[in-house]
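Naming convention: chains lettered A, B, ... in sequence-line order (proteins, then strands); numbering from 1 in each chain. Values in this document were obtained by computation on a predicted structure and should not be read as measured data. Only heavy atoms go into these numbers, but all of them, side chains included; no hydrogens, no water, no symmetry mates.
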There are 2 protein chains.
Amino acid sequence: MTTLTPAAAADRTGVSIDTLRYYEREGLIGPIRRTAGGRREYTEDDLFWIGLVTCFREAGLGIADLRGFVAILRAEHPPEDRVAFLLERRTALEKQVAALRRAMNVLDEKIAYYS
Amino acid sequence: MTTLTPAAAADRTGVSIDTLRYYEREGLIGPIRRTAGGRREYTEDDLFWIGLVTCFREAGLGIADLRGFVAILRAEHPPEDRVAFLLERRTALEKQVAALRRAMNVLDEKIAYYS
DNA sequence: TCTTGACCTGGAGCGCGCTCCAGATCCGAG
DNA sequence: CTCGGATCTGGAGCGCGCTCCAGGTCAAGA
């Protein structure tokens with residue numbers, strides 16, 4: 001199976017090498033497999049996970065939230081807890097969207113005023 | 001004209017007294033008028049501004065962005081710069097909404113899977 | 001074999017946005 | 001007039017999410 005070096009993984013994901021290591025330390029990804037010499041080898045699965053993490057980070061979730069999410073996806077909790085967690089996160093995102101809409105309305109008002 | 005003490009302003013706006021002072025130091029609000037003894041008196045106008053700032057902070061704008069916004073609303077720049085700035089901020093907010101939608105889609109997928 | 005550059009680990013440093021603290025001042029209630 | 005709670009200022013401290021650094025290891029190419 002084809003794997004990627006840290007530099008290549010950073011390149012593909014748009015996440016810096018340092019941040020990839022940081023995410024791994026924090027348990028958000030991996031643990032990443034190593035070569036005999038101790039270098040990391042990123043698989044396509046790893047890249048997929050990194051993509052998920054990035055998606056949620058961009059949405060404003062914190063590292064602790066993501067640790068929770070990882071635990072959920074690893075099925076370390078009963079199904080009802082998982083759904084509850086996911087719904088709670090979804091609600092938080094909806095609130096964030098609402099906050100953004102409010103701010104956009106203010107901007108639109110000002111844009112109309114100055115145009 | 002009726003004014004509010006710091007504690008009352010904090011109470012009305014939901015922003016802590018320390019944060020109100022911080023915003024003032026950073027030039028996001030005020031300067032707030034003082035009594036003879038040096039205590040702050042918040043006017044309704046001040047509260048309105050604080051509301052605006054809070055709205056944008058909740059939408060994820062940084063302190064520096066808000067300083068820019070304040071400068072704009074104080075008409076310290078030509079109209080075309082103002083509109084450009086506002087449109088740029090609006091685009092950033094739209095991107096943020098898109099990021100949130102992506103994350104919500106992932107959540108919905110997982111919720112469906114676990115339900 | 002030697003060089004060179006990518007990578008390793010552990011830990012320090014940094015920018016942001018508050019939050020807290022010390023020590024002084026103000027001022028309304030008693 | 002006294003007391004105590006609210007407020008003042010300047011500055012330190014903190015949690016987060018990286019980011020950078022030192023000092024050492026690994027491995028591909030000349």
Side-chain angles (χ1 to χ4, degrees), chain A residues 3-43 46-47 49-50 52-70 89 92 96 99 103, chain B residues 2-43 46-47 49-70 89 92 96 99 103:
Chain A
T3 57
L4 299 184
T5 64
D11 200 53
R12 274 267 306 266
T13 60
V15 176
S16 80
I17 294 181
D18 271 327
T19 301
L20 287 176
R21 281 197 288 253
Y22 170 66
Y23 285 172
E24 190 179 354
R25 266 202 304 278
E26 296 296 319
L28 270 42
I29 59 172
I32 307 297
R33 192 152 44 93
R34 308 307 183 89
T35 65
R39 272 83 199 285
R40 277 170 253 264
E41 291 184 303
Y42 293 86
T43 65
D46 291 331
L47 292 197
W49 262 103
I50 294 165
L52 275 186
V53 167
T54 303
C55 174
F56 286 120
R57 284 291 302 124
E58 284 171 351
L61 277 80
I63 302 301
D65 292 321
L66 279 165
R67 257 195 301 263
F69 191 74
V70 167
R89 289 294 102 212
Q96 192 57 28
Chain B
T2 157
T3 58
L4 298 185
T5 65
D11 199 54
R12 274 267 306 266
T13 59
V15 177
S16 80
I17 294 181
D18 271 327
T19 300
L20 287 176
R21 280 197 289 252
Y22 170 66
Y23 285 171
E24 190 178 353
R25 266 202 303 279
E26 296 297 320
L28 270 41
I29 60 174
I32 306 297
R33 192 153 43 95
R34 308 307 183 90
T35 66
R39 273 83 199 286
R40 276 171 256 264
E41 291 184 304
Y42 293 86
T43 66
D46 291 331
L47 292 196
W49 262 103
I50 294 165
L52 274 186
V53 167
T54 302
C55 174
F56 285 121
R57 285 290 304 121
E58 284 170 353
L61 277 81
I63 302 301
D65 292 321
L66 279 166
R67 258 194 300 262
F69 191 73
V70 168
R89 290 291 103 213
Q96 191 58 26

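Within the model, atoms CG of A/Leu66 and CG of A/Leu61 stand 5.5 Å from one another, a figure rounded to the nearest 0.5 Å. Atom-to-atom distance recorded for B/Arg57:CZ and B/Ile63:CD1 is 4.5 Å, nearest 0.5 angstrom.
Taking only side-chain nitrogens and oxygens, A/Arg34 comes nearer than 4.0 Å to OP1 or OP2 of C/dT9. Considering only side-chain N and O atoms, A/Arg25 lies nowhere under 4.0 angstrom from the phosphate OP1 or OP2 of D/dT19. When the side-chain nitrogen and oxygen atoms of A/Thr19 are compared with OP1 and OP2 of D/dG17, none of them lie within a distance under 4.0 Å. At D/dG17, none of the side-chain N or O atoms of A/Arg21 fall inside 4.0 Å of OP1 or OP2 (strictly under the cut-off). Within the structure, every side-chain polar atom (N or O) of B/Thr5 is placed at least 4.0 Å from both OP1 and OP2 of D/dA6.
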Could you walk me through whether B/Glu24 and B/Arg34 pass the salt bridge (charged side-chain N to carboxylate O under 4.0 Å, His left out) test, one step at a time? CA-CA 13 Å; B/Glu24 190 178 353; B/Arg34 308 307 183 90; 3.7 Å; yes
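The CZ atom of A/Arg40 sits 14 Å away from the P atom of D/dA27 (whole-angstrom rounding). Remark: P of D/dG17 and CD1 of A/Ile63 are 5 Å apart, rounded to the nearest angstrom. One can place OH of A/Tyr22 at 20 Å from C1' of C/dC8, the figure rounded to the nearest angstrom. D/dG15 atom P lies 14 Å from atom CD of A/Glu26, rounded to whole Å. Following rounding to the nearest Å, B/Asp18 (CG) and D/dA6 (P) show an atom-to-atom distance of 14 Å. At whole-Å resolution of the value, CD1 in A/Ile17 and P in C/dG5 are 15 Å apart.
Taking every side-chain heavy atom of B/Arg57 into account, C/dG17 is the closest of C/dG17, C/dC20, C/dC27.
One can find a donor-acceptor pair under 3.5 Å joining the base of C/dT25 and the side-chain atoms of B/Arg39.
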